[in-house]
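We number each residue from 1, following the sequence as shown.
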Amino acid sequence: MLGGHILHGGDYNPDQWLDHPEVLEEDVRLMKEANVNCVSLGIFAWAALEPEEGKYDFDWMERIIDRLAEEEIQVVLATPSGAMPHWLTQKYPEAMQVQADGKRNLPGKRHNFCYTSPVMRKKIHAIDSALSERFGRKKNVILWHLSNELGGNFADSSCHCELCQEAFRDWLKEKYGTLDNLNRAYWSSFWSHTYSDWSQLHSPAPHGETTMTALTLDWKRFVTHQMSEFTREEIAAVREHSDLPVTTNFMYFFKGLDYGKMRDDLDIISWDNYPFWHKTKDEVPAAVKAAANHNIMRSLKKQPFLLMESTPSSVSWREFNPVKRPGMHMLSSMQAVAHGSDSVQYFQWRKGRGAFEQFHGAVVGHKNGSNTRTFRQVTELGERLNRLSGLIDGTVNRPKAAVIFDWENWWALEDASGPRQDISYIDCILEHYQAMWEAGIDTDFINMDDSLEGYSFVTAPLNYMYKPGYAEKVRKFVEDGGIFATTYFSGIADDTDLCFTGHHPLADVLGIEQEEIDAPSEEFPNSFCYGDKTYAAGNLRELIHAAEGTEVVSVYEEDYVKGEPVVTAHSFGKGKAWYLAAASGEDFLRVFYKDRLREAGLENALGAELPYGVTVTERVGDGGKEIVFVMNFRDETVKFPAAGSWTDAESGQKYGGTLEIGPFGCIVLKRD
């Protein structure tokens, strides 16, 4: 466990308060009172660290790091590329991004850098190396925080400048070798768009090419490649004088960068979690979305991650921004730990007096110091995390169920022109995942490049694209005894968005043939029966044919497709593959996945039927260590039967047969 305990603290910005030394000293006192043991430092401090080109001022940071060390507060030290100083953008405008319309950004906002720019790379390397030399071996500096929320610049994550265009062309040359290969992959004879010279290739642009889906897909891959290259430059710089681990803070279902490609460069995955709690009185949708993102981050490296940012109260940038109601700060923080986090960190420690985030939640507000509800809730959580540190040390979630979630599939699916323009990959993923969350089944989120070994059940909703080798991987998984489920509009195109011809790549495994897919309006309802209940067919409905030996479990009940398959099952080798030919609601998915999980021999750690709003996760370690988290996302007390006998790992209270959890409560259990 990094730092020897669960990290608790936040994004600390003393560079905003250098003219107020009394505030800085008060911060340290309040941190101790709030049970803060770690802060993230220097994330947006470039202007304070290098006020003039080549003239560094690190003394103020050293004073703060040393003062924190006196109080045994550890530091996650950032590189400052997230926000560029005005001297840099004034002298080197080429370091700023160019948008897809060809306009170069003006100075301002953040993440406004061109990741290809030699000037930007040179300048950030120099200050990163200097920071590493000065602070990389400080006893209380434990981790490098590279930049901040890469690609999150209030617009497109990419830069479209001429340097990036040339780099893109070079990337394409390396990938395809010849223009003939590229033209075949792009199906560029459509609309007579055949390329005859590499210089004709340009990034997708609103006033240029936006209709060639393979080009758009490759551009997005290139953006991740360039950002990864920029990140590796930062890693090389901090490693010149330091051997500390590195991370960068990822974001909430962030579409702009493929985190599955960026993970290998990082020692630890971290991310920033801002669920929309209290948007409605039903907290389950927000809880499911947060849980899915926690699982994505944990699954990237199959190891504990860090919650690098969260709000202790509210955010400031939504249409409306409710504060956390009593109990929710504790529960939402414990949710992160339950899903594999070894930290709870905040943005931010102290509210700034002005500018964009002056009203964003913080541990210390503009008034009243420690005499606030938020401060007391943070202090209470810190006490609890101190008690839990030894308990969860060396543990992580090790699910036997997985969801295929792949960035390239996300890009290709939503860029495709049809069968609907309103297809949402994330909404579909969450609908399917919610059924497993409600059942209390821990679930990994893996991409098509990952191994399927060790899982009993894998589901792949809207798996439109099949990468090379993926079908063979699934085939072996099912053949060896796995249970696999997938849906309509899956297995449609390859990795350059060329549609497969002939058969579905897994036709032999699924036991079906796809014919066409309908995207009807609400005026053309249909339904199907599963078990003893009837369910509505959704707004995507495939017409499929079942091969010989395939069990047709459900059929359409109306219209021209009446009697055609909706739910099919096909045994293959030692396992079984299920196909859902129509979109459906949570009422069906809840029942369907309950059956599939049972078929795969999976149950939650409590062996219990869980009430709505209650879920279970389990962190396990060597030597049979098992720590079970039971969370109640309802604002009321719930009681329910649970198999076996349990002990509250914190209070020692014994439970036998029945568990009771208060409103927005979380209990941590050990098996007797």
Side-chain angles (χ1 to χ4, degrees), residues 403-404 409 413 416 418-420 422-425 427-429 431-433 435 457-466 471 474-475 478 483-493 499-522 524-572 575-596 599:
V403 175
I404 300 295
N409 182 69
L413 172 71
R420 300 188 70 94
D422 60 352
I423 292 177
S424 171
Y425 183 49
D427 286 351
C428 181
I429 287 285
E431 287 167 359
H432 286 252
Y433 169 64
F457 175 66
V458 174
T459 185
L462 275 178
N463 199 172
Y464 167 83
M465 173 196 286
Y466 272 32
V474 174
R475 184 175 289 107
V478 179
I483 306 299
F484 178 73
T486 193
T487 73
Y488 54 92
F489 212 45
S490 292
I492 302 298
C499 290
F500 294 113
T501 58
H503 303 282
H504 189 290
L506 287 173
D508 57 332
V509 178
L510 297 170
I512 59 100
E513 292 287 356
Q514 301 160 312
E515 184 176 329
E516 59 183 341
I517 187 166
D518 191 12
S521 73
E522 294 179 357
F524 297 89
N526 211 321
S527 60
F528 61 94
C529 182
Y530 179 85
D532 57 357
K533 292 186 179 180
T534 297
Y535 301 95
N539 60 11
L540 282 172
R541 304 170 196 162
E542 228 171 34
L543 176 61
I544 63 170
H545 305 298
E548 184 178 350
T550 299
E551 179 186 1
V552 178
V553 178
S554 303
V555 298
Y556 292 109
E557 296 186 326
E558 303 171 49
D559 211 358
Y560 69 98
V561 289
K562 184 176 180 178
E564 298 293 343
V566 176
V567 181
T568 65
H570 184 246
S571 295
F572 185 81
K576 186 177 284 189
W578 290 79
Y579 194 81
L580 305 180
S584 55
E586 201 63 46
D587 54 349
F588 165 70
L589 293 174
R590 187 177 291 120
V591 176
F592 175 78
Y593 280 109
K594 181 179 179 181
D595 291 345
R596 301 293 73 74
E599 185 178 22

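Taking OG1 from T550 and CD1 from I512, the interatomic distance works out to 8.5 Å, rounded to the nearest 0.5 Å. If you take OG1 on T487 and CD on E542, they are separated by 8.0 Å, rounding to the nearest 0.5 Å. Here S571 contributes atom OG and E551 contributes atom CD; the two are 8.0 Å apart, rounded to the nearest 0.5 Å. Remark: Y464 OH to I492 CD1 distance equals 7.5 Å, nearest 0.5 Å. In this structure, Y425 OH and F489 CZ are separated by 13.0 Å, a value rounded to the nearest 0.5 Å.
The backbone N or O of V403 lies less than 3.5 Å from no partner atom in the side chain of T459, so there is not a single donor-acceptor pair. Looking at N409, its side chain does come within 3.5 Å of a backbone N or O of M465 through a donor-acceptor pair. With hydrogens and angles ignored, the 3.5 Å screen pairs a side-chain donor or acceptor of S490 with a backbone N or O of N463. Remark: the backbone N or O of Y488 is not paired with any side-chain donor or acceptor of Q514 at under 3.5 angstrom.
Using a 4.5 Å cut-off on side-chain heavy atoms (C-beta onward), H570 and V478 make no contact. Annotation: side chain of L506 is in contact with side chain of R475 (closest heavy-atom distance under 4.5 Å). Side-chain contact between Y556 and L543: absent, with no pair of heavy atoms (C-beta onward) separated by less than 4.5 Å. A heavy-atom distance below 4.5 Å is found between the side chains of L589 and L580. Two residues are said to be in side-chain contact when any heavy atoms from C-beta on lie closer than 4.5 Å; L510 and T568 fail this criterion. Side-chain contact between Y466 and F500 is present, with heavy atoms from C-beta onward closer than 4.5 Å. A 4.5 Å side-chain heavy-atom check between F528 and R541 finds every atom pair outside the cut-off.
Evaluation of the ring-ring contact (aromatic ring centres under 6.0 Å, His included) rule for F592 yields W578, F588 as partners, not counting sequence neighbours. Contacts of E557 classified as side-chain hydrogen bond (donor to acceptor under 3.5 Å, both in side chains), with partners at least two apart in sequence or in another chain: S527. A search for side-chain hydrogen bond (donor to acceptor under 3.5 Å, both in side chains) contacts involving S554 returns nothing, not counting sequence neighbours. With sequence neighbours excluded, the residues that form a side chain to side chain contact (heavy atoms under 4.5 Å, CB included) with N539 are R420, A583.
In this structure, E513 and A507 approach most closely via the heavy-atom pair OE2-CB, 4.1 Å. Closest non-hydrogen pair, L540 versus P419, comes out as CD2-CG, 3.4 Å. The heavy-atom pair separating A546 from V552 by the smallest distance is CB-CG2, 3.7 Å. Residues I544 and Y579 come closest through the heavy atom pair CD1-CD2, 3.9 Å.
Ring-plane geometry between Y593 and H432 is classed as perpendicular, the angle between the planes exceeding 60 degrees on a 0 to 90 degree scale with a lower cut at 30.
Residues in residues 528-537 take part in these side chain to side chain donor-acceptor pair (under 3.5 Å) pairs, two or more places apart or across chains: Y530-D595, Y530-R596. Applying the salt bridge (charged side-chain N to carboxylate O under 4.0 Å, His left out) test to pairs two or more places apart or on separate chains, those with a residue in residues 582-591 are E438-R590.
Remark: H545 NE2 is packed, more than 12 non-hydrogen atoms of other residues, nucleotides or ligands lying under 6.0 Å away.
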